[in-house]
There are 2 protein chains.
Amino acid sequence: MTGKLGVSCFGCQTRHTTEWCASSDAELTLLDQVKAPKIMEAGTALFHQGDECGGIYCLNSGLVGIRRLDAAGNSTLLRLAGPGETIGYQSFLLGTAHRATAEIMMPSTVCFIRRQTVRGLLEQNPNLGLRFLRHNVKDAAEFEERHFETISFTVRSRFLNLLMVLYERFGSLNEDGEPVLDLPLSRQDIAALIGSTPETVSRSISKVQDEGLARFKGRKVLLQDIDELMRQLPAS
Amino acid sequence: MTGKLGVSCFGCQTRHTTEWCASSDAELTLLDQVKAPKIMEAGTALFHQGDECGGIYCLNSGLVGIRRLDAAGNSTLLRLAGPGETIGYQSFLLGTAHRATAEIMMPSTVCFIRRQTVRGLLEQNPNLGLRFLRHNVKDAAEFEERHFETISFTVRSRFLNLLMVLYERFGSLNEDGEPVLDLPLSRQDIAALIGSTPETVSRSISKVQDEGLARFKGRKVLLQDIDELMRQLPAS
DNA sequence: CCGCTGCCTTGATAACCATCAAGTGGTGCA
DNA sequence: TGCACCACTTGATGGTTATCAAGGCAGCGG
């Protein structure tokens with residue numbers, strides 16, 4: 001039983017890294033039947049801040065940004081979610097409206113699972129809940145980490161850190177074998193992620209460029225001296 | 001069946017606000033038998049960063065500080081845990097060593113529950129896991145919030161915010177009916193919590209004092225103009 | 001009583017960074 | 001082609017805050 005887009009839970013590349021890895025075949029079959037896999041374009045949204053939580057989303061491929069509106073109405077990027085991540089389960093579990101907007105940042109394949117279905121699965125399979133729990137504990141630890149980082153390190157360090165994280169996720173080698181990266185984020189969003197402003201990010205970029213560590217052209221990055229970049233990361 | 005110190009789960013004031021509120025009488029009886037309630041003095045530790053996780057701790061009364069060592073070996077206060085909070089469950093769930101130190105900040109009554117016992121309870125009662133999950137989702141949301149706060153507000157705002165939070169927890173009225181507060185934290189720890197330095201905290205204190213909003217004498221605080229203090233809090 | 005130690009305060013300085021403002025460059029559209 | 005719009009860059013400035021350094025003030029043991 002395959003989803004409309006040829007996306008079956010059984011063949012899902014990311015399943016084994018997600019909450020669903022402990023699910024039985026019967027449960028996966030059920031999931032396959034009720035889920036709604038969709039290909040979504042960058043710029044669209046899975047849900048908006050304030051929306052009722054109708055279910056959860058499982059990201060098969062692509063990239064999703066979690067945004068929040070501040071008092072002034074500006075939307076601030078809080079974090080990124082990649083393939084294998086389940087999105088929106090917090091609101092589902094708390095039974096509240098979504099506290100953030102989930103925006104597609106790169107063309108993505110997403111599976112939607114309705115609230116009732118998840119509820120049923122959770123009741124049937126206690127392990128599923130535990131897996132969500134572990135996942136969330138990790139998320140929380142990451143936030144703790146980032147909080148710590150923001151306090152203790154300069155914008156430059158945080159920027160380099162993000163750059164290397166993005167390289168690990170989206171980097172590749174060009175035809176000359178040099179490490180390159182296509183940033184999936186605007187300067188504004190980079191700034192939000194590291195707790196800074198677009199101007200300061202831009203200045204950091206110029207500096208890193210002047211030092212010959214990397215070359216930036218729009219969202220294309222050529223990592224000239226990746227060893228030195230790594231070396232300059234804050235001690236993890 | 002009462003614990004050695006007269007601390008029974010049945011009579012626990014905080015039980016209804018914790019993970020354990022969904023536990024059956026039988027389970028509570030079991031807990032009462034196996035848990036190890038202890039009164040601990042300020043300055044002692046529940047566990048240290050790097051320790052094997054032997055079980056989880058339930059704080060009945062008092063205050064616990066979660067600390068982490070940075071690269072330089074300084075210990076940084078990350079957050080506070082109050083009555084009703086379960087401590088150390090993250091490492092338990094992830095099966096890792098403790099990533100932080102839990103230090104008693106005020107004389108506290110703490111119940112210890114061994115790993116095996118928790119494991120058994122979790123397997124028996126799926127709801128318990130869900131409750132932990134909800135709790136953790138809230139924790140993560142709080143970190144998200146604080147991260148956001150640290151980025152967007154000045155040290156002064158963050159300090160006032162902490163001051164009012166502490167007042168809600170530990171404040172009282174003196175014989176003249178004035179709101180007073182006994183800070184359970186050193187300047188150093190206050191600084192860490194709001195992502196600043198002792199010096200800057202001290203300056204903030206002086207400023208607030210000059211403005212006639214509050215008077216500080218060591219760790220004793222007299223909140224002279226509590227309304228104005230509230231008014232100056234960042235919009236929640 | 002003295003000196004010691006740890007915590008807190010105060011002062012001077014400079015770095016870092018946000019903010020405001022103006023300019024650049026690319027892309028789409030008429 | 002030219003215009004407009006957008007994201008990005010660069011410049012100038014000032015504010016906030018970290019850092020270094022010195023002094024005050026309690027508690028403690030001798």
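Naming: A, B, ... by sequence-line order, numbering from 1 per chain.
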List in chain and number order the residues that pass side chain to side chain contact (heavy atoms under 4.5 Å, CB included) with [X], two or more places apart in sequence or in another chain; answer none if no residue qualifies.
{"X": "K138(A)", "result": "L94(B)"}
{"X": "A97(B)", "result": "none"}
{"X": "S186(A)", "result": "Q188(A), D189(A), R219(A)"}
{"X": "E199(A)", "result": "T197(A), R203(A)"}

Inter- and intrachain pairs under ring-ring contact (aromatic ring centres under 6.0 Å, His included), touching residues 159-191 of chain A, at least two apart: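 Output for this query is empty, none listed.
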Below 3.5 Å between N/O atoms, which protein atoms pair up with nucleotides 22-28 of chain D? Just atom names and distances, please.
none

Got a sec? Which of residues 188-212 of chain A come in under 4.0 Å of DNA chain C, heavy atoms?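 Under 4.0 Å from DNA chain C: G195(A), S196(A), T197(A), E199(A), T200(A), R203(A).
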Let me confirm one number: the CD1-CG distance from I194(A) to L77(A), rounded to the nearest 0.5 Å.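 One finds 11.5 Å between CD1 of I194(A) and CG of L77(A).
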Using 0.5 Å steps for rounding, measure from the CD1 atom of I39(A) to the CD1 atom of I104(A).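 Spacing of CD1 (I39(A)) from CD1 (I104(A)) equals 11.5 Å.
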Any pair counted as salt bridge (Lys or Arg N to Asp or Glu O under 4.0 Å), so long as it reaches residues 146-158 of chain B, sequence neighbours left out: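 Applying salt bridge (Lys or Arg N to Asp or Glu O under 4.0 Å) to every pair that reaches into residues 146-158 of chain B, excluding sequence neighbours, yields R156(B)-E211(B).
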Give me each pair satisfying salt bridge (Lys or Arg N to Asp or Glu O under 4.0 Å) with a member in residues 99-110 of chain A, each pair once, sequence neighbours excluded.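 Counting only pairs at least two positions apart or across chains, the salt bridge (Lys or Arg N to Asp or Glu O under 4.0 Å) contacts touching residues 99-110 of chain A are R67(A)-E103(A), R99(A)-E144(B).
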Could you list the donor-acceptor pairs under 3.5 angstrom formed between side-chain atoms of residues 84-91 of chain B and any protein atom two or more places apart in sequence or on another chain?
{"unit_1": "E85(B)", "atom_1": "OE2", "unit_2": "G82(B)", "atom_2": "N", "d": "3.1"}
{"unit_1": "T86(B)", "atom_1": "OG1", "unit_2": "E19(B)", "atom_2": "OE1", "d": "2.9"}
{"unit_1": "Y89(B)", "atom_1": "OH", "unit_2": "N136(B)", "atom_2": "ND2", "d": "2.8"}
{"unit_1": "S91(B)", "atom_1": "OG", "unit_2": "H98(B)", "atom_2": "ND1", "d": "3.3"}

Is it the case that over 12 heavy atoms from other parts of the model lie below 6.0 angstrom from the CD atom of E228(B)?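 Above 12, so yes.
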Going by side-chain contact (heavy atoms from CB on, under 4.5 Å), Y57(B) matches just one of V110(B), I113(B), V64(B). Which one?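 For Y57(B), the side-chain contact (heavy atoms from CB on, under 4.5 Å) test succeeds with only one of V110(B), I113(B), V64(B), which is V110(B).
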Measure NZ/K220(A) against C1'/dA7(D) and give the value in whole Å, please.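 Taking atom C1' of dA7(D) as the reference, NZ of K220(A) is at 16 Å.
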Interface residues of residues 149-160 of chain A with DNA chain D (non-hydrogen, below 4.0 angstrom):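 Within residues 149-160 of chain A, no residue comes under 4.0 Å of DNA chain D.
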Bounds of contact between DNA chain C and chain B, in 5' to 3' order, using a heavy-atom cut-off under 4.0 Å: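 So the outermost contacting nucleotides come out as dC8(C) to dA12(C).
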